[in-house]
Amino acid sequence: MSNFDPKARPKLGPWPPAPESSAMPPSSWAKRTGFRPKFSGETNASDSGQMPLPPRACEPDNQPDLEAGRARPPPQPQPPPTVSNCQVQSGKPAAALPLPPAATDKEKDQSVKKRRESDGGVPKSSSPGSNRRAASGSNEQPPPLRRPSRNGEVVDVVPQPTVDEDGFLERPSHMKYDLRDSPGLVPIWFFGFQHYLSMLGSLVLIPLVIVPAMGGRHEDVTAVVSTTLFVSGVTTLLHTSFGSRLPLIQGPSFVYLAPVMAIINSLDFQGLKGNNFKHIMREIQGAVIIASAFQTLLGYSGLMAILVRLINPVVVAPTIAAVGLSFYSYGFPLVGNCLEIGMVQILLVIIFSLYLRKISIFGHRVFLIYAVPLGVAICWAAAFLLTEVGVYNHKGCDISIPSSNVVYEHCRRHMNRAKYCRVDTSQALKASPWFRFPYPLQWGTPVFHWKMAVVMCVVSLLASVDSVGSYHASSLLVASRPPTPGILSRGIGLEGLSSVLAGLWGTGTGSSTLTENVHTIAVTKMGSRRAVEVGACVLILLSLVGKVGGFIASIPQVMVAALLCFMWAMLTALGLSNLRYSEAGSSRNIIIIGLSLFFSLSVPAYFQQYGISPNNNVSVPRYFEPYIVASHGPFRTSNYGFNYVMNTLLSLHMVIAFLVAVILDNTVPGSKQERGVYVWSDCEEPRREPAVAKDYKLPLGVGKFFRWVKWVGL
């Protein structure tokens, strides 16, 4: 007989036998691995309509805790379980997943060393960006992880966070200069001016649109452009010193453009005689000042720290995207007046920013950073040559004669094309003085009307929503941690004070954090607060030279419209990019974003077309017709002020997008990970980590005056 031991007989598995493929894994990567995110951008799929991913190998439990900024303590030794946690998740029996022998510390060090040598690890150096790196005894850091793609190429992936010897996360920096870095004496001027030059379109295009719409002359455009540059420099210095202290440029936001256009084209100003520009500007100044006081109260009272709980990426994304999409009726219809100039301008900016974006000259991606200034320079030069060689000259026609006084029919036919294509029709450069100091109340005493002020108060709230997204995204790029809710409220409060200055000086809009800041920081890799402050000083000096404002004001209107097409498209994309902090593939978020964007276009279209007869003869151009809705909207009660407010607000695309998104996102069930809820630093974080205090602490001991209120930050 054979030596048969019944105890050694292999145990039979469950019947029927399990298939070789593992059971349907949980559809959330976080549920399978036990991952708990810190920042909103570190989210993954959930069970909200996405297809499940194949199971991954179980990761160790002592992953860095991104929520607290520390490494989790190693797990305590436990008695050997019969079935491990990984085996339960994968659906395999215990015998199918034997545990590998634990490696000793020496073997781990040798394997890490070999991997670093094979990957070409580089030693640490005292390079810029070290202000948020903790000092450690090691002289090397692992290179960015790389993985082979399907076609065999090597693709960069986000490196895993390392932990310093004190237990805090050491986030690898990809920036040339971080928040508290200071470039050399010469580079700081270059980087500061580069930061503003790359955002030239956002700073100067709004005055080129609203001043002619108000009936302003060339010298008025020049004065408003110089005033805008001056106020932008001053408010940026205030914000980097006493606001959020992030390297964010303040300026005229596109959020204010649509309501300003609605005020300009209201019936109250249709029958004005004399200087329409100054009268309308004073009305806008009064509305901006009241709205700015509301925004200041919202920030410094701490209400913003409460409202920010309702503001998440799913709310910010469609709201900002609707701002860019709302101007589709203005962009290309104006470009069509001179296609050979406008289309060339659009194509040049597209070629520079997309096809030539990876070309580097002296270590700088010149075409990507300076796509707008280069496009303007080349297109302007081409238009100048066409004008000088007489392409737009017509025999017997004088461009200086108003079209209403032109007798010949062929001159009237070519007058409109010549008006938009020629570069010598503007006299702004000749009429501008060499020196001009912008001063407050230069257009007269502001005029206050409650109906316009209410509209602007709602718009200032939406501008704050835009700033919340910019604060969070920029802090992840340049700072050691996101700001606390108190620091966020402090920044919103100072933006309100900045808008008060904009209203007193008369820029035509309020002042806010420009959305394009995040894109500029990511492209230039320059997040130095000191460099932005130096650039603001340069901007103030340039604003005092009247010829600079005259030069900018003389940009042909077709080129302005072409640049706005690109800028508004960028604004739409930047708004939608906030979805990267949430689960963009979630069916919940897809439906909310889709409804918000659709109704933001459809509902205003109803308000803008309500009550307009086909033969209606309006006195404004076709591309301004959507902004005269206050005179013919569906609200027609006996109270004209109420009708004005409701018809105007509900015809603004961003207002509808915000209302739909904020209601649905805060009422439809969804996990924090799925919603991508913004995670701000704890109020005690600056006391635990000196780096956070250095990033956001107010200078010159100003913070001690605010200790009696906790919501204004440090």
Can you confirm whether more than 12 heavy atoms, excluding those of Phe190, are under 6.0 Å from its CZ atom?
yes
Do Arg675 and Ser582 make a side-chain contact, defined as non-hydrogen atoms from C-beta onward lying under 4.5 Å apart?
no
Nearest heavy-atom approach of Ile593 to Ala317 is CD1-CB, 4.5 Å
Holding to side chain to side chain donor-acceptor pair (under 3.5 Å), I want the full list of residues that pass it with Ser244, two or more places apart in sequence or in another chain.
His239
Side-chain donor-acceptor pair present, Asp181, Ser528, cut-off under 3.5 Å:
no
When you compare the side chains of Glu516 and Ser202, does any donor N or O come within less than 3.5 Å of an acceptor on the partner?
yes
Answer yes or no: does atom CH2 of Trp189 have more than 12 heavy-atom neighbours from other residues, nucleotides or ligands under 6.0 Å?
no
Do Asn517 side-chain atoms and Ile249 backbone N/O form a donor-acceptor pair below 3.5 Å?
yes
Could you tell me which non-hydrogen atom of Tyr678 sits nearest to which non-hydrogen atom of Pro313, and how far apart they are?
CE2-CG, 3.6 Å
Scanning both residues in full, the closest heavy-atom pair of Arg357 with Arg365 reads O-CD, 3.2 Å
Going by atom type alone, with no hydrogens or angles, which donor-acceptor pairs under 3.5 Å involve a side-chain atom of residues 561-570 and a protein atom two or more places apart or on another chain?
none

Can Glu674 and Ser586 be counted as having a side-chain donor-acceptor contact under 3.5 angstrom?
yes
Return the set of residues passing side chain to side chain donor-acceptor pair (under 3.5 Å) with Thr240 (not counting sequence neighbours), or none when no residue passes.
Glu533
On a heavy-atom basis, which atom in Leu494 and which in Phe242 lie closest, and how many Å separate them?
CD2-C, 3.7 Å
Residues Glu495 and Ser464: side-chain donor-acceptor under 3.5 angstrom
no
